[in-house]
2 protein chains.
Amino acid sequence: MARPKDPHAKEALLAAAVRAFSQHGLQRARIEDITQAAGLSKGAFYLHFESKEAAFGEAAALAMHRMQVLLSERREAYAALEETFRAQLERGRAPAEAVAAFEAIDERADRQTLETMWENRHVIDVLMRGSRGTEFEGVLWDFLDAEAGRIGEELEQRVAFGLCRQGLPTQVVGSMVVGTWLLLARSMIDLKEKPDLDFWVRSLKELLSRGIAPIPRAVRLGTSKKVTGRTRTKRRAT
Amino acid sequence: MARPKDPHAKEALLAAAVRAFSQHGLQRARIEDITQAAGLSKGAFYLHFESKEAAFGEAAALAMHRMQVLLSERREAYAALEETFRAQLERGRAPAEAVAAFEAIDERADRQTLETMWENRHVIDVLMRGSRGTEFEGVLWDFLDAEAGRIGEELEQRVAFGLCRQGLPTQVVGSMVVGTWLLLARSMIDLKEKPDLDFWVRSLKELLSRGIAPIPRAVRLGTSKKVTGRTRTKRRAT
DNA sequence: CGGATCATTGAACCGCCGGTCAGAAACGGT
DNA sequence: ACCGTTTCTGACCGGCGGTTCAATGATCCG
């Protein structure tokens, strides 16, 4: 009884806090700016959070949890599919549908990941560039390292299945994929409205699987338009 | 006359400063730690630098200058080669040597870039993660954005030359390459000794040009070992 | 050696927030 | 309207660390 607390205060504060942290970094963002942006007094902040770090901790934990959930789903989907794939391999050849199934999972999981990255882009920004010297400084990077490793392993699995070329530097591929996502997350930060994430997913998938080199002459796969490709040159445009 | 200043003081300070900045971020690194590490007193720092930021400014300017120099060299090399390539195209077909020349420049420039990144990895680390809220917070990222754009343009050039597939999402490729480098730079930071940069350069070149998909059956290029490739599947292992 | 001239030192200064808490304000019940 | 209760406020405290500068001590010159 007596003076119920403002039900929107905490979320308003957290939203303002994340905005401030993203803009100035965890260290430089000032409590007073945050509370002012949320239309509250400085002291109000401490009614809801233990400290500045603790406030960001909530936001960070939530965002990382979401990423972890997506990651688990992805793993499970892969595991299930790999099992059926293995079973199919034992009695003869694996059907083309299985291949398509892998692709579908990749695309779906990638899209979800990008979507979640978009929704949590400000938290990611802080974890990436604005948390040096705090307890969070390693959170994102550890996650990315683990992801790069996981991708490398998954890739090895696919090589074993004959779904990817042999002799790939799998760990390098992991770094490549993760690095690309990282830069993508960064570029999201100062975007006003959501970009065409699907375009990104499809482009990256296509690039990763086929590369940028001209299509070799001998391949019969359709869409051989007016490709001017001359030699079997592989290109690099760094 | 009278008490010449310690000739190694400034470089010792700057080295210690960069180490401290890299470890704790520009904001959190303490002057006293820096001077102590350099075996000098707190006040000595201000005999050589206007302020903490100014000190990092020197280190950052140097590192970025080196990157810019490499970039100019790369641009010049491309421009020269593109000109001769164009000339060769006019009178008939471009020889395979020209293609190899492009590759050689790519590789050489990539290796130099990676080398310079390695040498300046601690400064890069600060620019990447430890300069939020300072005047340097955008330096690296602006550079990377520009690089991604440049790569996209160069790629369009190559597509026009028939050296790359048509219809590539050139800007996405730019982000991909730059993102990969970024993560690579990051991974260098806690390495004790220089990794095999050449391996990285070659791997990335190969991946970017050919992708990870199995080699299509119909291609006749040598080395078709015991490739178990089954279908013309393109893979993605995110 | 004595004094002039600097480089160097480190205690002291000072501004800046993070965090606190005594009071003010807002509500619900009566 | 008044009281008890809980929320909210914002002036204040304290520590931290960047920066300063009077004092110290090298070094050189005559």
Side-chain angles (χ1 to χ4, degrees), chain A residues 1-60 126 129-137, chain B residues 1-60 126 129-137:
Chain A
M1 49 195 104
R3 184 137 200 198
K5 60 167 76 175
D6 181 347
H8 303 306
K10 184 163 180 173
E11 64 178 322
L13 278 171
L14 205 51
V18 168
R19 232 175 303 136
F21 294 156
S22 172
Q23 195 152 39
H24 306 291
L26 190 44
Q27 176 81 8
R28 286 259 177 137
R30 282 175 290 144
I31 302 285
E32 200 146 12
D33 290 347
I34 294 169
T35 52
Q36 194 164 27
L40 293 167
S41 70
K42 194 176 172 184
F45 188 87
Y46 293 92
L47 296 174
H48 300 279
F49 307 105
E50 194 71 26
S51 66
K52 192 161 70 159
E53 270 78 27
F56 179 66
E58 285 195 24
V126 180
R129 307 189 289 162
S131 59
R132 209 67 198 279
T134 75
E135 57 186 308
F136 307 103
E137 70 174 10
Chain B
M1 47 193 99
R3 184 138 201 200
K5 59 168 77 177
D6 181 348
H8 302 307
K10 184 163 180 173
E11 65 178 321
L13 279 172
L14 205 51
V18 168
R19 231 175 304 137
F21 294 157
S22 172
Q23 195 152 39
H24 306 290
L26 190 44
Q27 177 79 7
R28 286 263 177 132
R30 282 175 293 147
I31 301 287
E32 198 147 13
D33 290 347
I34 295 169
T35 51
Q36 194 164 28
L40 292 167
S41 71
K42 201 174 171 185
F45 188 88
Y46 293 92
L47 296 175
H48 300 280
F49 307 105
E50 194 69 25
S51 66
K52 192 160 71 159
E53 268 79 27
F56 179 66
E58 284 194 24
V126 180
R129 308 189 288 162
S131 60
R132 210 62 196 284
T134 74
E135 58 185 308
F136 307 102
E137 69 174 10

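We name chains A, B, ... by the order of the sequence lines, and we start the count at 1 in each one. The figures that follow rest on heavy atoms only: side chains count, while hydrogens, waters and symmetry mates do not.
- Residues B/A20 and B/I34 share a closest heavy-atom pair of CB-CG1, 3.7 Å.
- Taking every side-chain heavy atom of A/K42 into account, D/dA11 is the closest of D/dA11, D/dT9, D/dG18.
- Side-chain to base pairing of A/K5 with D/dT6: no donor and acceptor N or O lie closer than 3.5 Å to each other.
- Residue contacts for A/A54: at a heavy-atom cut-off of 4.0 Å it reaches no nucleic acid atom on any strand shown.
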For side chain to side chain contact (heavy atoms under 4.5 Å, CB included), just list the numbers for B/L14 and B/F49, CA-CA rounded to whole Å, side-chain angles, deciding distance to a tenth of an Å, and then say yes or no.
CA-CA 9 Å; B/L14 205 51; B/F49 307 105; 3.7 Å; yes
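- Counting any heavy atom pair closer than 4.0 Å across all strands shown, B/A55 reaches no nucleic acid atom.
- Relative to the side chain of A/L40, the nucleotides D/dT9, C/dG19, C/dT9 differ in distance, and D/dT9 lies closest.
- Summarising the geometry, the separation between CD on A/Q36 and C1' on D/dC8 is reported as 16 Å, rounded to the nearest angstrom.
- Set against C/dT9, D/dC8, C/dG18, the side chain of A/Y46 has C/dG18 as its closest nucleotide.
- The base of C/dG19 is not paired with the side chain of A/K52 by any donor and acceptor separated by under 3.5 Å.
- Looking at the side chain of A/S41, the nearest of the listed nucleotides C/dA11, C/dG28, D/dT9 is D/dT9.
- Taking atom CZ of residue A/R28 and atom C1' of nucleotide D/dG17, one finds them 13 Å apart after rounding to whole Å.
- Checked options A/K10, A/K5, A/E11; the residue passing with A/H8 is A/E11 (criterion: side chain to side chain donor-acceptor pair (under 3.5 Å)).
- Proximity note for A/R30 (side chain, C-beta onward) versus C/dG18, D/dT20, C/dT8: the nearest is C/dG18.
- Ranked by how close their nearest DNA chain C nucleotide is to the 5' end, A/E32 and B/L47 are led by B/L47.
- Atom CG in B/L26 sits roughly 14 Å away from atom P in D/dG17 (whole-Å rounding).
- Rounded to whole angstrom, the span from the CD atom of A/Q27 across to the C1' atom of C/dC17 amounts to 10 Å.
- Between B/A59 and B/V18, the shortest heavy-atom contact is CB-CG2, 3.7 Å.
- Distance CD/A/Q27 to CD/A/E53: 7.5 Å, rounded to 0.5 Å.
- Per the geometry, NE2 belonging to A/H24 stands 14 Å off C1' belonging to C/dC17, to the nearest Å.
- Closest to the side chain of B/R3, from the set D/dG25, D/dT19, D/dC8, is D/dG25.
- Comparing C/dG28, D/dT5, D/dC8 against the side chain of A/P4 picks out C/dG28 as the nearest.
- Rounded to an integer number of Å, the gap from A/L13 CG to C/dG18 P is 14 Å.
- Taking atom CD on A/E50 and atom C1' on C/dT20, their separation rounds to 13 Å, with Å as the unit.
- In this structure, the CG atom of A/D6 is 10 Å from the P atom of C/dC27, given to the nearest Å.
- Listed here is the closest heavy atom pair of B/L40 and B/A9: CD1-CB, 4.0 Å.
- Side-chain atoms of B/I31 lie closest to D/dT19 of the nucleotides D/dG4, D/dT19, D/dT9.
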